[in-house]
Amino acid sequence: MWKSIITFRSEKQSSYFRIDKVCINDVEQQIETFKLDSGQFQNQTISLYGKDVVVSFYTKDVESIAFIKES
């Protein structure tokens with residue numbers, strides 16, 4: 001499981017715990033190597049899935065996402 005820290009362009013942050021899957025437009029990405037590079041995923045939907053959590057955002061609203069392995 002992973003902890004995610006999302007920084008929005010508005011400079012607000014959100015954290016979600018126990019994430020086990022990240023998708024861009026419903027295509028699963030590798031959490032271990034995931035990077036939200038500028039221009040790579042413009043105007044797409046990013047979704048985080050985990051135990052008791054499902055959240056989605058537009059990539060244009062997100063500045064960065066960090067994933068930290070939970071022990």
Is there side-chain contact between W2 and V22, with heavy atoms separated by less than 4.5 Å?
no
side-chain contact (heavy atoms from CB on, under 4.5 Å) filter on T45, not counting sequence neighbours, yields N25, S47, S56, Y58
dist K3:NZ -> I19:CD1 (nearest 0.5 Å) comes out at 11.5 Å
side-chain contact (heavy atoms from CB on, under 4.5 Å) filter on S10, not counting sequence neighbours, yields F8, K12
Quick check: do I6 and L48 have side-chain heavy atoms less than 4.5 Å from each other? yes
Residue pairs passing the salt bridge (Lys or Arg N to Asp or Glu O under 4.0 Å) test with at least one member in residues 44-71, sequence neighbours excluded, are R9-E63
For atom CD of E11, decide whether the heavy atoms of other residues, nucleotides or ligands shown that lie under 6.0 angstrom number more than 12. no
With sequence neighbours left out, the residues meeting side chain to side chain donor-acceptor pair (under 3.5 Å) with T7 are Q13
Check your understanding: Same cluster or not: are F67 and V53 linked, directly or through other Ile, Leu, Val, Met, Phe, Trp or Tyr residues, by side-chain heavy atoms under 4.5 angstrom apart?
Key -> yes
Hits for salt bridge (charged side-chain N to carboxylate O under 4.0 Å, His left out) against E28, two or more places apart or cross-chain, chain-then-number order -> none
Going by chain and number, the hydrophobic cluster around I5 (ILVMFWY, side chain to side chain under 4.5 Å) further includes I68
| said: Are I24 and V55 connected into the same hydrophobic cluster when the rule is that any two of I, L, V, M, F, W, Y join if their side-chain heavy atoms are below 4.5 Å apart? | reply: yes
Check whether T59 reaches the backbone of Q44 with its side chain - one donor and one acceptor, N or O, closer than 3.5 Å. yes
For V54, the side-chain contact (heavy atoms from CB on, under 4.5 Å) test, sequence neighbours excluded, returns Y49
